[in-house]
Structure formats: structure tokens, C-alpha cells
Visitor: 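First, the structure itself, so that you have it in front of you.
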Amino acid sequence: MNELLKLAIEAQGGLDQWRKFNTFTARFINSGELWAMKGHGGTIDEVGVKVNLLEQKTSHIPNDQWHTAYTPDKIAIESANGDTIAELYNPRASFAGHVWDTEWTPLQLAYFTGYATWNYINTPYQFTRPGFELSEGEQWEENGEVLRTLKVTWPKDIHTHSPEQTFYINSEGFIKRLDYRVDVAGSVPCAHYLSDYKEYQGIKLATKRVVYLVGDDNRPKPDSPIIVSIDLRDIKFQ
């Protein structure tokens, strides 16, 4: 196993502890510019989330009338009893030609939140799966802290923001930042900050996430508003 990945996994709970669980649930408090820009302001301000830790399946549950059902090849909106309200196969293809401010349909929103949430919760443990490529890059200093960088290339079968991403890890092994391009929104580069790590059933998880647009100096643009903010609450592993 890559040495830096091993440090991160052990700091955040370890593989043995992680493998005791197959489901993650929480309540997400979402804000930021992205949701209104994409035509869905207020839609998921507060939403229940269920993540399958073994398969690429995620559900967002805004109320007791309907929920989303994400898999890489199909996104659906379902009623409380599981009836299909709307569905879309090969959802990634539907973003062809999109730029940063192109609005999303409800199913495209569900696809984006589905794959993003699955990756956020399963990192760094998912990097032990077959197909991931990892290498350590140059160190980076930010806010008076020296961070090591882990460059990760995704396998094609796991959907994510972009196939190449960089993770910034502190001396204790905690991920403090990750960089990616949002391919479903014109490949805009973003810096995604993680903070307020708390322990739940032996797993340490960032409970606060904030995303900004990145400038040419690899730092958040001075005039960038908060693109996405996520606060995680009521966290449980099962």
C-alpha cells in the first residue's frame, strides 16, 4: 500500500474498523452558490443521506414522499414505496456540452450529488480498491501548515468529479483539502476543504466541507464565493 495512503487510512480509523460497516447515514446541511446557479436553490438545503459502503449506491432523502437512487449507470427518483417517478440511464452522457452555469435537471442534480457523496464518504478507504493509481507529489504549504500531496487517478468504473485529483494530507494523516475539476460543469477547477474531524464508531470523519474556485496560483480565487458548503450531522455507521 502507498505509504501516504496508509498514514491517512490509519489516522481516520483503519481498514479493519472500516470493514465492519456496510452503510453510512447522516443528515447533510447544504449551502453555497452552486445549487441556485444550477436551478435548484433550496432543493437540498437539508437532506437525509444513505450511502452503501460496498457498492456504488447512494440515496438522498429530502422528505418522506420521495428519494433519489444513484448508481453509476442509472439515476432515479423514487416514491417512498420504491415506485419509479423518473429515471435516466447513462446519466453522465447527459452533461455533454455543459459549461459552469448550465442548469441541471432534477435527475442531473441527483446524479451529481449521488456520485459526489459516495466518493466523499468512501475516501480514503476506496483507494485500496483495484484500479486506483496513486503517487506522492510535491509538498504544499497553506495557512502555515506543510501538507503532503497524494495524486490519485480513478478507475473508469467509479464515477467522480474528474479522473485525476490531488489530496493534501497533514502530518497526522488527515485530509485537509482535495482538488478536482468538475467535469459535469465545464471542467472548472475547485479546491475542496475538509475540517472539524470527529469520531463516530471508531471512524474519524470531516464534518465540514467547503468548496471554492481555484486561481492560477492553485489557491482559492480572492473573489470566489463559497461554491458548496456541507455540514454533516447525525452520522451513523451500520
Visitor: Quick one: does Ser59's side chain have a donor or acceptor within less than 3.5 Å of a partner on Lys50's backbone?
Guide: no
Visitor: Assess the side chains of Trp154 and Asn119: does a donor N or O sit below 3.5 Å from an acceptor N or O?
Guide: yes
Visitor: Salt-bridged, Glu172 to Lys204, with N to O below 4.0 Å?
Guide: no
Visitor: May I ask you to say whether Glu164 pairs ionically with Lys151, meaning some side-chain N is under 4.0 Å from a carboxylate O?
Guide: no
Visitor: Look at the side chain of Ser187 and the backbone N and O of Arg181, then say whether any donor-acceptor pair between them is shorter than 3.5 Å.
Guide: no
Visitor: Only one of His159, Gln56, His161 passes side chain to side chain donor-acceptor pair (under 3.5 Å) with Tyr115; say which it is.
Guide: His161
Visitor: Side chain of His40, backbone of Trp104: donor and acceptor closer than 3.5 Å?
Guide: yes
Visitor: Does Lys208 offer a backbone N or O that forms a donor-acceptor pair with the side chain of Tyr193 under 3.5 Å?
Guide: no
Visitor: Tell me whether Asn30 contacts the main-chain N or O of Ile44 through its side chain, where contact means a donor paired with an acceptor under 3.5 Å.
Guide: yes
Visitor: In Å and rounded to the nearest 0.5 Å, what is the CG to CG distance from Leu232 to Asp196?
Guide: 10.5 Å
Visitor: Rounded to the nearest 0.5 Å, how far does CH2 of Trp100 lie from CE of Met37?
Guide: 4.5 Å
Visitor: Give the other cluster members for Ile61, using side-chain heavy-atom distances under 4.5 Å between Ile, Leu, Val, Met, Phe, Trp and Tyr residues; answer none if it is isolated.
Guide: none
Visitor: Nearest 0.5 Å please: distance from the NE2 atom of His192 over to the OG1 atom of Thr166.
Guide: 14.0 Å
Visitor: Run Arg177 and Glu145 through salt bridge (charged side-chain N to carboxylate O under 4.0 Å, His left out) and show every step you take.
Guide: CA-CA 12 Å; Arg177 168 181 168 176; Glu145 187 174 30; over 6 Å; no
Visitor: Is there side-chain contact between Leu205 and Tyr120, with heavy atoms separated by less than 4.5 Å?
Guide: no
Visitor: Is it true that a side-chain atom of Thr128 and a backbone atom of Tyr125 form a donor plus acceptor pair closer than 3.5 Å?
Guide: yes
Visitor: Please answer: with hydrophobic residues joined when any side-chain heavy atoms are less than 4.5 Å apart, are Leu178 and Trp140 in the same cluster?
Guide: no
Visitor: Going hydrophobic residue to hydrophobic residue with side-chain gaps under 4.5 angstrom, can you get from Val51 over to Ile29?
Guide: no
Visitor: Please evaluate residues Asp101 and Val99 with respect to the criterion side chain to side chain contact (heavy atoms under 4.5 Å, CB included), reporting the C-alpha separation (whole Å), side-chain torsions for both, the decisive distance (0.1 Å), and the verdict.
Guide: CA-CA 6 Å; Asp101 58 357; Val99 296; 3.4 Å; yes
Visitor: Using only heavy-atom distances, determine whether the side chains of Gln108 and Ser94 contain a donor-acceptor pair under 3.5 Å.
Guide: yes
Visitor: Between atom CD of Gln201 and atom CZ of Phe21, what is the distance when rounded to the nearest 0.5 Å?
Guide: 4.5 Å
Visitor: Are the aromatic rings of Trp118 and Tyr70 close, with centres under 6.0 Å apart?
Guide: no
Visitor: Do Val184 and Tyr89 land in one hydrophobic cluster if side-chain heavy atoms of ILVMFWY residues count as linked below 4.5 Å?
Guide: no
Visitor: In this structure, would Ile203 and Leu194 fall into the same cluster of hydrophobic residues linked by side-chain contacts under 4.5 Å?
Guide: yes
Visitor: With a 4.5 Å cut-off on side-chain heavy-atom distances among I, L, V, M, F, W and Y, is there a chain of contacts connecting Tyr212 to Tyr168?
Guide: no
Visitor: Looking only at atom types and distance, does a side-chain atom of Thr117 sit under 3.5 Å from a main-chain N or O of Gly114, one as donor and one as acceptor?
Guide: no
Visitor: Please answer whether the main-chain N or O of Thr102 pairs with a side-chain N or O of Lys38 as donor and acceptor at a distance below 3.5 Å.
Guide: yes
Visitor: For the residue pair Tyr111 and Phe95, is the inter-centroid distance of their aromatic rings smaller than 6.0 Å?
Guide: yes
